[in-house]
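Report on the structure given below.
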Protein chains: 2
Amino acid sequence: MTGSYTLVETEARVSHRLSHMTLDFEAMAVTHNLFRAASAVRNHLERNVLSESGLSWTAFLVLWVTWIWEPVETRVVALESGISKATLTGVLSTLEKLEYAVRTRSPDDGRRVLVTLTDKGRDLMEDLFPAFNLQEVDLVSHVPVESRTELATMLRQLISYTEEA
Amino acid sequence: MTGSYTLVETEARVSHRLSHMTLDFEAMAVTHNLFRAASAVRNHLERNVLSESGLSWTAFLVLWVTWIWEPVETRVVALESGISKATLTGVLSTLEKLEYAVRTRSPDDGRRVLVTLTDKGRDLMEDLFPAFNLQEVDLVSHVPVESRTELATMLRQLISYTEEA
DNA sequence: TTGAGATTGTTCGGGTACGAATAATATACA
DNA sequence: TGTATATTATTCGTACCCGAACAATCTCAA
């Protein structure tokens with residue numbers, strides 16, 4: 001916290017810089033906090049849970065999606081993980097090198113590639129996932145219990161906008 | 001949206017995989033949606049506002065922080081932007097190459113480096129920022145007006161946890 | 001005043017991250 | 001049957017992203 005500016009300081013300063021513009025500060029605060037929260041939470045989880053197993057956030061996410069849906073097409077993994085297929089190609093190569101996942105050509109359609117976990121990958125997730133969830137519980141501890149569902153709902157409303165054609 | 005699984009489908013599948021574990025699904029939904037929202041919103045803004053000026057999300061963020069606080073130490077810029085100082089070094093080099101910002105050695109302390117915008121950089125922000133905010137307004141349009149402040153507040157509560165020693 | 005310890009920005013190595021171009025495969029229609 | 005069109009995963013080029021190691025600079029006590 002040391003050295004960082006408060007929300008009030010920032011808003012005062014922004015108003016000063018932008019006094020001649022018409023702006024929606026509430027919308028600004030939402031997106032701003034959304035990114036601060038996402039990157040803060042991500043860094044926290046990477047340091048406290050993932051670093052021990054040498055997994056990046058994205059690698060874990062891909063592993064998780066595969067764990068839930070395997071065997072699953074890479075197209076779906078990319079979509080569910082929120083990354084591009086170009087990025088996924090690299091991450092899958094990493095996971096194959098670490099022997100957590102394998103690629104298989106689809107028998108029905110030669111263009112498609114299916115992803116599955118190795119036994120080693122499944123073992124890892126069995127260990128990692130509960131530890132991960134424990135940290136998630138800690139993270140939301142400052143948000144009142146009765147508001148958490150609403151928070152998840154509002155976040156989904158943000159997602160739904162970007163999914164419109 | 002095509003091809004992606006719904007929340008209900010995912011939760012059903014996760015429960016099946018994890019029936020023998022004790023998990024907090026609400027905490028899971030919050031972090032999961034937090035990241036989906038952040039990456040969706042980020043990609044949306046990069047495509048609809050930033051791509052025209054050849055700026056990445058992070059480059060814009062750094063430019064924005066500098067615009068508000070200049071002249072400002074790189075240490076503070078990194079903190080406020082939520083990136084590491086190693087990353088900032090690269091981004092600042094990009095911004096200097098594009099002639100949007102400049103580095104200056106601090107006269108008081110030889111270790112410190114101060115960042116300021118060029119006139120070109122300030123002109124860019126004068127144009128870009130209102131366009132950016134317009135998109136932000138669109139993005140929160142699916143979240144009821146009366147809930148937006150609360151959303152921003154809850155996101156700050158998430159941030160506050162990670163800031164504890 | 002000198003030297004141990006702290007602070008700061010950069011470099012380095014490895015892993016994401018994206019859009020655009022590409023190659024391989026499948027589909028549709030003539 | 002063949003050929004245009006569509007869909008898929010990969011490659012390519014460039015930029016971001018971090019922790020760790022590093023060199024430069026400052027601080028402060030002996």
Side-chain angles (χ1 to χ4, degrees), chain A residues 2-3 35 38-40 42-48 50-63 71-79 81-98 100-115, chain B residues 2-3 35 38-40 42-48 50-63 71-79 81-98 100-115:
Chain A
T2 346
F35 286 101
S39 82
R42 175 183 166 145
N43 289 340
H44 185 260
L45 288 171
E46 275 184 337
R47 268 194 285 269
N48 290 282
L50 267 30
S51 67
E52 297 160 31
S53 51
L55 238 47
S56 73
W57 169 265
T58 307
F60 174 76
L61 204 58
V62 167
L63 223 50
V72 59
E73 297 173 27
T74 56
R75 201 184 104 266
V76 174
V77 177
L79 195 63
S81 307
I83 60 177
S84 72
K85 51 194 183 145
T87 300
L88 181 61
T89 297
V91 175
L92 276 180
S93 300
T94 302
L95 289 175
E96 279 195 325
K97 202 158 51 191
L98 294 171
Y100 289 141
V102 284
R103 277 185 263 222
T104 323
R105 200 110 232 157
S106 164
D108 313 326
D109 188 332
R111 294 168 300 182
R112 287 178 163 82
V113 169
L114 301 175
V115 191
Chain B
T2 347
F35 285 101
S39 83
R42 175 183 165 143
N43 288 341
H44 185 261
L45 288 171
E46 276 184 338
R47 268 193 284 268
N48 290 282
L50 266 30
S51 67
E52 296 159 31
S53 53
L55 236 48
S56 74
W57 169 265
T58 307
F60 174 75
L61 205 57
V62 167
L63 222 49
V72 59
E73 297 172 27
T74 56
R75 201 185 106 266
V76 175
V77 177
L79 195 63
S81 306
I83 60 177
S84 71
K85 52 192 185 151
T87 300
L88 181 61
T89 297
V91 175
L92 276 180
S93 300
T94 302
L95 289 175
E96 279 195 324
K97 203 158 51 191
L98 294 171
Y100 289 140
V102 283
R103 276 186 262 222
T104 323
R105 199 114 233 154
S106 165
D108 313 326
D109 188 333
R111 293 168 302 183
R112 288 178 163 81
V113 169
L114 300 174
V115 190

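Chain A is the first sequence line, chain B the second, and so forth, proteins listed ahead of strands; every chain is numbered from 1.
- Distance B:Glu73 CD to D:dT25 P: 16 Å, rounded to the nearest Å.
- Partners of A:Thr104 according to the side-chain hydrogen bond (donor to acceptor under 3.5 Å, both in side chains) rule, which considers only residues two or more places apart in sequence or in another chain, do not exist here.
- Regarding A:Leu50, its CG atom lies at a distance of 15 Å from the C1' atom of D:dC17, rounded to whole Å.
- Contact annotation for B:Thr89: base contact, defined as any heavy-atom pair under 4.0 Å involving a base atom.
- Partners of A:Ser84 by side-chain hydrogen bond (donor to acceptor under 3.5 Å, both in side chains), not counting sequence neighbours, listed by chain and number: A:Thr87.
- When the salt bridge (Lys or Arg N to Asp or Glu O under 4.0 Å) test is applied to A:Arg112, the partners found at least two apart in sequence or on another chain are A:Glu73, A:Asp109.
- Between A:Asn48 and A:His44 the shortest side-chain heavy-atom distance falls below 4.5 Å.
- Regarding B:Leu55, its CG atom lies at a distance of 18 Å from the P atom of D:dT14, rounded to whole Å.
- The closest donor-acceptor contact from the side chain of A:Glu46 to the backbone of A:Trp57 lies under 3.5 Å.
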Distances under 3.5 Å between protein N/O atoms and the N/O atoms of nucleotides 23-27 of chain C, please, pair by pair.
| from | atom 1 | to | atom 2 | distance (Å) |
| --- | --- | --- | --- | --- |
| C:dT25 | O3' | A:Gly110 | N | 3.2 |
| C:dA26 | OP1 | A:Gly110 | N | 2.6 |

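- We find that CZ of B:Arg103 is positioned 17 Å from P of C:dT8, with the value rounded to whole Å.
- Side-chain atoms of A:Arg105 and A:Val113, non-hydrogen and from C-beta on, do get closer than 4.5 Å to each other.
- Partners of B:Ser93 under the side-chain hydrogen bond (donor to acceptor under 3.5 Å, both in side chains) rule, at least two apart in sequence or in another chain, are B:Arg103.
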Please produce a list of atom pairs where a protein N or O lies less than 3.5 Å from an N or O of nucleotides 14-18 of chain C.
| from | atom 1 | to | atom 2 | distance (Å) |
| --- | --- | --- | --- | --- |
| C:dT16 | OP1 | A:Ser56 | OG | 2.5 |
| C:dT16 | OP2 | A:Thr94 | OG1 | 2.7 |
| C:dT16 | O3' | A:Thr58 | OG1 | 3.3 |
| C:dA17 | OP1 | A:Arg42 | NH2 | 3.2 |
| C:dA17 | OP1 | A:Thr58 | OG1 | 3.1 |
| C:dA17 | OP2 | A:Thr58 | OG1 | 2.1 |
| C:dC18 | OP2 | A:Ser84 | N | 2.8 |
| C:dC18 | OP2 | A:Ser84 | OG | 3.1 |
| C:dC18 | OP2 | A:Thr87 | OG1 | 2.6 |

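- The distance between atom CG of A:Leu92 and atom P of D:dT11, rounded to the nearest whole Å, is 12 Å.
- Between B:Arg75 atom CZ and C:dT8 atom P the separation is 5 Å, expressed in whole Å.
- Note: CG (B:Leu79) to C1' (C:dT8) measures 14 Å, nearest angstrom.
- With hydrogens and angles disregarded, no donor-acceptor distance shorter than 3.5 Å links the side chain of A:Ser81 to the backbone of A:Ile83.
- Looking only at side-chain heavy atoms (C-beta outward), B:Leu92 and B:Thr74 come within less than 4.5 Å of each other.
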